[in-house]
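What follows is a short report on a single structure.
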2 protein chains.
Amino acid sequence: MALGHAIMTALLEDDLSGYELARDFETSLGFFWQASHQQIYQELRKLSDKHWLSKREVSQRGKPNKIVYGMTRAGREALAEWVFGSTRTQAAKDDLLVKLYNLDSSNAGHLAGEITARREDMMRRLYLYEKIRRRHYSLPETLPTRRKGVYLALTMGIAQGEQFLAWCDEALELLATVTAESG
Amino acid sequence: MALGHAIMTALLEDDLSGYELARDFETSLGFFWQASHQQIYQELRKLSDKHWLSKREVSQRGKPNKIVYGMTRAGREALAEWVFGSTRTQAAKDDLLVKLYNLDSSNAGHLAGEITARREDMMRRLYLYEKIRRRHYSLPETLPTRRKGVYLALTMGIAQGEQFLAWCDEALELLATVTAESG
DNA sequence: GTTTATTATGCAAAACATTGCATATCAATA
DNA sequence: TATTGATATGCAATGTTTTGCATAATAAAC
């Protein structure tokens with residue numbers, strides 16, 4: 001049940017509503033664990049049924065009411081326990097790579113286009129990552145402990161992203177020779 | 001329905017039984033799209049119900065009978081069409097990174113252990129990748145088109161894997177300072 | 001004042017994945 | 001001849017994720 005744990009992780013330091021969680025996920029934990037708002041709302045209900053989260057309704061000026069969730073003691077304990085459990089190596093699933101197994105002269109152009117699009121996505125993401133690093137993680141040695149962990153996750157994202165850009169360039173080069181041959 | 005497409009991709013050049021597919025997945029396409037044997041058997045039934053795969057029973061000496069699946073014309077068409085569709089950027093899901101967001105002095109040692117284990121997994125996988133590369137992909141320019149695509153997927157796996165090893169080293173170094181501080 | 005965008009939450013169905021079990025053939029070994 | 005291991009296939013239950021739809025409050029723009 002890792003989505004639940006990801007949500008609790010996001011709630012470690014701030015109480016948030018489902019909407020806020022869904023929005024924040026897009027620019028932080030969601031880099032490493034994506035989830036849709038439907039999933040988040042469902043999971044929040046489950047977690048509060050288990051009393052791992054508490055909830056309270058908050059009235060707002062100029063906006064609909066929201067339901068704000070916060071970690072309970074039991075939630076913190078469950079999360080800490082989960083961290084101590086063991087995870088198996090992540091199952092990779094990337095259909096772009098499966099598609100590459102189908103490369104032929106008729107689809108090489110299309111695949112090059114897909115790679116180009118992904119490359120651009122990754123550029124945007126790297127820009128975000130770097131912005132976050134500059135703002136909040138420029139001196140990793142001096143960070144409080146938890147933030148060092150977040151820093152490492154960010155570092156991972158950056159390194160993988162840069163590697164991906166380099167791979168895209170290599171792939172596009174090879175694909176160009178395929179399309180050229182096909183006339 | 002990407003699992004179905006991954007299976008059909010594996011059947012592009014050879015007819016295979018469910019058992020053989022499940023086994024082969026572990027050392028080729030499964031690097032990029034993992035699946036259990038239960039999933040594979042279920043999906044094979046669906047695909048043959050749709051007439052995207054044909055099946056025939058094969059008797060063997062010294063082994064139980066097997067059901068061998070092969071691509072139909074309709075299957076090839078459906079697969080080719082799928083390749084031309086667009087995929088969205090892959091949703092990352094890695095609970096090790098979520099766990100890192102929970103770093104504190106009490107779990108730093110455990111997390112370092114998890115990273116070490118993953119590092120070893122990756123070393124083993126890289127060894128496999130390199131073996132495959134040396135054996136079958138040492139001269140990428142001269143490969144037939146489809147194999148060039150497979151080569152690119154392999155290249156991706158290798159580059160990402162090497163990057164991951166480097167990240168692990170960096171992470172372990174930083175984690176060591178955390179555990180040291182905590183006494 | 002009507003439309004559009006943002007904030008906010010959710011249901012229901014379908015698709016997909018995991019877990020645990022169940023079965024059966026044949027070869028080799030103890 | 002009983003057990004173990006590899007081969008071979010599958011069901012059922014549960015859990016997770018995606019997809020499509022639905023609702024509603026308020027602010028801002030037109």
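Just the heavy atoms: all of them, side chains too, but no hydrogens, waters or symmetry mates, feed the values below. Chain identifiers are assigned alphabetically (A, B, ...) following the order of the sequence lines, protein sequences preceding nucleic acid strands; residue numbering begins at 1 within each chain.
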Using residues 157-166 of chain B as the side-chain source, report each donor-acceptor pair under 3.5 Å to any protein atom, sequence neighbours left out, with the distance given to one decimal.
residue  : atom : partner  : partner atom : Å
B/Gln160 : NE2  : A/Gln163 : OE1          : 3.1
B/Gln163 : OE1  : A/Gln160 : NE2          : 3.1

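Membership of the apolar cluster around A/Val58 extends to A/Val68, as traced through chained side-chain contacts below 4.5 Å between ILVMFWY residues.
Identified under the salt bridge (charged side-chain N to carboxylate O under 4.0 Å, His left out) test for residues 98-110 of chain A, with sequence neighbours left out: A/Lys99-A/Glu114. The ring pair (Phe, Tyr, Trp, His ring centres under 6.0 Å) pairs that include a residue from residues 42-78 of chain A number zero, where partners must be two or more places apart or lie in different chains.
Where B/Arg23 and B/Tyr69 meet DNA chain D, the nucleotide closest to each residue was compared, and B/Arg23 sits on the side nearer the 5' end.
Using a cut-off of 4.0 Å between Lys/Arg side-chain N and Asp/Glu carboxylate O, B/Asp121 and B/Arg124 are scored as salt-bridged.
Atom CG in B/Asp14 sits 8.5 Å away from atom CG in B/Asp24 (nearest 0.5 Å). Interatomic distance, NZ of B/Lys66 versus CG of B/Leu16, reported as 8.0 Å (0.5 Å rounding).
Rounded to whole Å, the distance from CD on A/Glu26 to P on C/dT7 is 11 Å. Remark: C1' of D/dG10 and CG of B/Leu44 are 12 Å apart, rounded to the nearest angstrom. Rounded to whole angstrom, the span from the CD1 atom of B/Ile40 across to the P atom of D/dT7 amounts to 15 Å. In this structure, A/Leu16 atom CG and C/dT9 atom P are separated by 11 Å, rounded to whole Å.
With distances taken from any side-chain atom of A/Tyr41 to the nucleotides C/dT6, C/dG10, C/dA17, the minimum falls on C/dG10. In the set D/dT19, C/dG10, D/dT9, the nucleotide with an atom closest to the side chain of B/Lys66 is D/dT9.
One finds a side-chain N or O of B/Tyr19 lying less than 4.0 angstrom from the OP1 or OP2 phosphate oxygen of D/dT7.
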Quick tally for nucleotides 11-16 of chain D: nucleotides whose base has a protein heavy atom under 4.0 Å get B, sugar-phosphate-only ones S, the rest -, giving B----S
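A cation-pi contact links A/Arg147 to A/Tyr137, judged by a cut-off of 6.0 Å to the six-membered ring centre and 45° from its axis.
Listed by residue number, the members of residues 3-10 of chain B with any heavy atom below 4.0 angstrom from DNA chain D form an empty set.
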